[in-house]
Amino acid sequence: MTDDHPDPDPDTAPEDASKLAEIVATRRAKVERLREAGVDPYPVRFRPTHSLAAVRAAHEGLAAGTETGEHVTVAGRLVGRRDLGRLTFLVLLEDGVELQLFCPVKALDEPARELLEQLDVGDWLGASGEVLATKTGELSVRPGQLTLLGKGLRPLPKWHGLADTEIRFRQRELDLTVNEDARRVFALRPRVVAALREEMTRRGFVEVETPILHPIPGGAAAKPFVTHHNALDEDLYLRIAPELYLKRLIAGGMPRVFELGRVFRNEGVSPRHNPEFTILESYAAYDDYHDVMELTEALLQRAAVDALGTLELSYQGREVSLAGPFRRVALLDLVREATGEPDLAYDHHLDDLRALCERHDVAHSDDWGAGKLVLELYEALVEHTLWEPTFVLDYPVEVSPLARRHRSEPHVTERFELIVTGREFANAFSELTDPDDQRQRLEQQAAARAAGDEEAMAVDEPYLRAMELGLPPTGGLGVGVDRLVMLLADVANIRDAVLFPTLRPER
RNA sequence: GCGCCGCUAGCUCAAUUGGCAGAGCAUCCGGCUCUUAACCGGCAGGUUCUAGGUUCGAGUCCUAGGCGGCGCACCA
């Protein structure tokens, strides 16, 4: 076309002289021109006969120059355009799959010729025509008709991709459009979630939904977000864990339950921490933590096989195998080994344990008991070194207020964490089922809370009342789903595993 | 919250010691019937994150702030 008036209406030209404003204004002018020509730039419905993937699948390897005689209607976002005079090549992208449109002008009907003039990379487009392979062998559709499905006003980043992390996180729609790697990760994530859900269901667990608004935050050691219900005039907390409600369901006679959902913790952000994250929690009547280890291992393996088709992973350039069986080792034994103190025990004098911390440059506090001191040694010296999957067993009672005391070891609980690549992926225990022991432990937590520990739990009377109804032996599990996605997708930053990570508002 | 680093055209990036803000691609205009990051020619496009300061002169130096990344702390 010949257009001697690139700026169609100087009176309405934007005062903002930036290139972006100019591009948007130009595209708005195209929208106007299309409307004047009777074309709806934002139509209500379209029916493709084939996805781009289906066209590709049906004609993979079609010989150069072949015309199939098959007529299809396809759709996608226009991501490429090459004009060669009376011949134009367009590239559509749909669900991660590209397909070329081979458009000699003489093959197009009159409306399509006019539309082609107003078409920009970024627009949504439908096309109907014959499937063929060009002389150079590129599988293509040669459309007779083109249908504008949604005009884009903003330019798409091209070629160099989109590298600016801030734009990738804030405008994920752009990231997904131009970065194949973003599409890879966010296609993998739902496969992981589906695998977890299917494996739980296959094992007889029932999926439930418990409140996100909690009157009393509990079930984990974390600071909650506070909100307020106007009609009730009550402060409520976004849940830090579904744990206590799920255990109340066990008390209510539901033998195997799980919840896959979001929890919220009002704490710092980091490449491994988003303020809201997805957790899988499950509770199984009659099971102990050995049973839960078996379940945990199976869940990770199922997720890896379903999402990747293998148990042999590469994470950040280093191999890690989920083949199992995962190593099982007591926390105390790990600390004994790391400190070179083979006789270390929880009943050692506190001064000796503090001295041990000093010797290993582990910060500690005078009000910590033996359990907390040993835990700190473990976290500072050992945890980050555990690359291959490792069940770390038997956490101190003092740091495990919801876990059952060990059946034979007095100072610890039947609790484990699963560590992979030096990070915690799961936390689980033989659940505490003795209501009087639980009350005592929560009262200790409440005392710590009163003394200023914002992460300590409060006494939750409705929960204790449920326990007093009677609980069977119960095995409980929590799995960090985002971390699992990070591991399987091989991304280092949790913001690359969460579609819309928490960021400060744009200013 | 603390420390370090970054922020320049729509995108990706340059800019020497403090000395005229540039390139490629995209946009816009022209050409081209087998391109693949098409190609060829041309025009245009800037609050150098923001506000101050130093200086004859600031993208560059100083102060404060914003946003992001990383580390620490906290945690899964």
Side-chain angles (χ1 to χ4, degrees), chain A residues 1-8 16-27 29-30 64-65 79-91 98-107 120-122 132-140 142 153-170 174 178-179 220-223 240-241 263-281 363 379 383 417-420 423-427 453-455 478-484 486 492-496 501 503-507:
Chain A
M1 109 180 163
T2 55
D3 184 353
D4 298 323
H5 307 284
D7 196 354
D16 185 343
S18 78
K19 191 67 196 179
L20 175 61
E22 182 192 314
I23 290 170
V24 171
T26 302
R27 293 198 176 194
K30 289 180 178 176
V79 294
R81 173 174 183 153
R82 294 179 289 275
D83 274 293
L84 285 75
R86 303 299 289 168
L87 172 64
T88 297
F89 296 92
L90 302 175
V91 180
E98 289 186 353
L99 187 69
Q100 175 172 277
L101 301 181
F102 175 80
C103 306
V105 171
K106 68 179 180 189
D120 292 299
V121 166
L132 54 81
T134 61
K135 285 180 191 169
T136 54
E138 181 75 23
L139 185 64
S140 308
R142 181 178 55 207
L153 299 181
R154 291 175 172 275
L156 238 44
K158 269 204 80 180
W159 290 2
H160 306 280
L162 185 63
D164 187 310
T165 51
E166 187 169 351
I167 298 177
R168 287 202 299 109
F169 298 156
R170 287 194 196 280
L174 272 187
V178 302
N179 285 331
K223 285 179 231 167
I240 56 175
V263 296
F264 308 84
R265 300 190 183 176
N266 203 342
E267 285 156 359
V269 298
S270 84
R272 290 160 293 283
H273 302 268
N274 199 54
E276 52 180 304
F277 64 98
T278 301
I279 196 167
L280 167 67
E281 281 204 13
E379 288 183 348
E383 189 179 67
E417 289 190 358
L418 173 64
I419 310 298
V420 189
R423 297 178 193 160
E424 180 184 343
F425 279 73
N427 182 19
D453 183 350
E454 287 182 85
E455 295 180 357
V479 177
V481 174
D482 310 87
R483 293 257 174 105
L484 183 54
M486 289 171 70
N493 190 330
I494 194 169
R495 300 174 194 93
D496 284 315
L503 298 176
R504 285 196 163 88
E506 294 180 65
R507 294 273 154 88

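Note on naming: letters A, B, ... go to the chains in the order of the sequence lines (proteins, then strands), and numbering restarts at 1 for each one.
Across all strands shown, A/D482 has no heavy atoms under 4.0 Å from either base or sugar-phosphate atoms. The residue A/L84 sits close to a base: some heavy atom pair falls under 4.0 Å. Contact annotation for A/T165: backbone-only contact, meaning every heavy-atom pair under 4.0 Å involves sugar-phosphate atoms and none involves a base. Within the 4.0 angstrom heavy-atom criterion, no nucleotide atom of any strand lies near A/R168. Residue contacts shown for A/E424 are limited to sugar-phosphate atoms, with no base heavy atom under 4.0 Å away. Using a 4.0 Å heavy-atom cutoff across all strands shown, A/F169 reaches sugar-phosphate atoms only and no base atom. Counting non-hydrogen atoms under 4.0 angstrom, A/G480 reaches nothing in the nucleic acid. Among the heavy atoms of the strands lying under 4.0 Å from A/L503 are primed sugar atoms or P, OP1, OP2 only; no base atom is included. A/N427 comes within 4.0 angstrom of no nucleic acid atom, judged by non-hydrogen atoms across all strands. The residue A/R86 sits close to a base: some heavy atom pair falls under 4.0 Å. When heavy atoms are screened at a 4.0 angstrom cut-off, A/I167 is found touching the sugar-phosphate backbone but no base atom.
Nucleotide B/rU55 forms a pair with no other nucleotide shown, judged by Watson-Crick or G-U wobble geometry with both contacts under 3.5 Å. Pair assignment for B/rC67 gives B/rG6, based on Watson-Crick or G-U wobble hydrogen-bonding distances that are each under 3.5 Å. The partner of B/rU35 cannot be assigned: no Watson-Crick or G-U wobble pair with both contacts below 3.5 Å exists in any strand.
When the P atom is compared between B/rC25 and B/rC39, the two are found 7 Å apart, to the nearest whole Å. Between B/rU12 and B/rA58, the distance separating the two P atoms is 28 Å to the nearest Å. Taking the P atoms as reference points, B/rA15 lies 11 Å from B/rC7, given to the whole Å.
In this entry the distance linking CD1 of A/I494 with C1' of B/rC70 reads 16 Å, nearest Å. One can place NZ of A/K223 at 15 Å from P of B/rA73, the figure rounded to the nearest angstrom. In this structure, A/R154 places its CZ atom 15 Å from C1' of B/rU27, rounding to the nearest Å. Atom pair A/L87:CG and B/rA38:P shows a separation of 14 Å (rounding to whole Å applied). Summarising the geometry, the separation between CD1 on A/I240 and P on B/rA76 is reported as 10 Å, rounded to the nearest angstrom.
Proximity note for A/N493 (side chain, C-beta onward) versus B/rU12, B/rG69, B/rU27: the nearest is B/rG69. Side-chain proximity of A/P104 to the nucleotides B/rC70, B/rC67, B/rU33 is greatest for B/rU33. Closest to the side chain of A/R170, from the set B/rG10, B/rG68, B/rC70, is B/rG68. Distance from the side chain of A/T136 is smallest for B/rC34 among the nucleotides B/rG68, B/rC74, B/rC34. Here B/rU12 is the nucleotide among B/rA9, B/rU12, B/rC11 with the atom lying nearest to any side-chain atom of A/A163. Ranking B/rC28, B/rC34, B/rC11 by closeness to the A/T26 side chain, first place goes to B/rC28. Among B/rG71, B/rC67, B/rG10, the nucleotide with an atom closest to any side-chain atom of A/E166 is B/rC67. Relative to the side chain of A/E22, the nucleotides B/rC34, B/rC11, B/rU27 differ in distance, and B/rU27 lies closest.
Here A/F277 counts as stacked on B/rA76: its ring centre is under 5.5 angstrom from the base ring centre and the planes meet at under 30°.
The side-chain contact (heavy atoms from CB on, under 4.5 Å) search around A/P275 returns A/F225, A/V269, A/T502, not counting sequence neighbours. Partners of A/F89 by ring-ring contact (aromatic ring centres under 6.0 Å, His included), not counting sequence neighbours, listed by chain and number: A/F102.
At least one side-chain heavy atom of A/P157 sits under 4.5 Å from a side-chain heavy atom of A/L174. At a threshold of 4.5 Å between non-hydrogen side-chain atoms, the residues A/R265 and A/F277 count as touching.
Taking 3.5 Å as the limit, the base of B/rU35 and the side chain of A/T134 contain a donor-acceptor pair of atoms between them. Taking 3.5 Å as the limit, the base of B/rU35 and the side chain of A/R82 contain a donor-acceptor pair of atoms between them. At a cut-off of 3.5 angstrom, counting only N and O atoms as typed in the model, there is a donor on one side and an acceptor on the other between the side-chain of A/Q100 and the base of B/rU35.
In this structure a side-chain-to-backbone donor-acceptor pair under 3.5 Å is missing from A/N427 to A/E417. The closest donor-acceptor contact from the side chain of A/R81 to the backbone of A/D120 lies at 3.5 Å or more, if one exists at all.
Considering A/R82, A/R142, A/E138 in turn, A/R82 is the only one that fulfils the side chain to side chain donor-acceptor pair (under 3.5 Å) rule with A/Q100.
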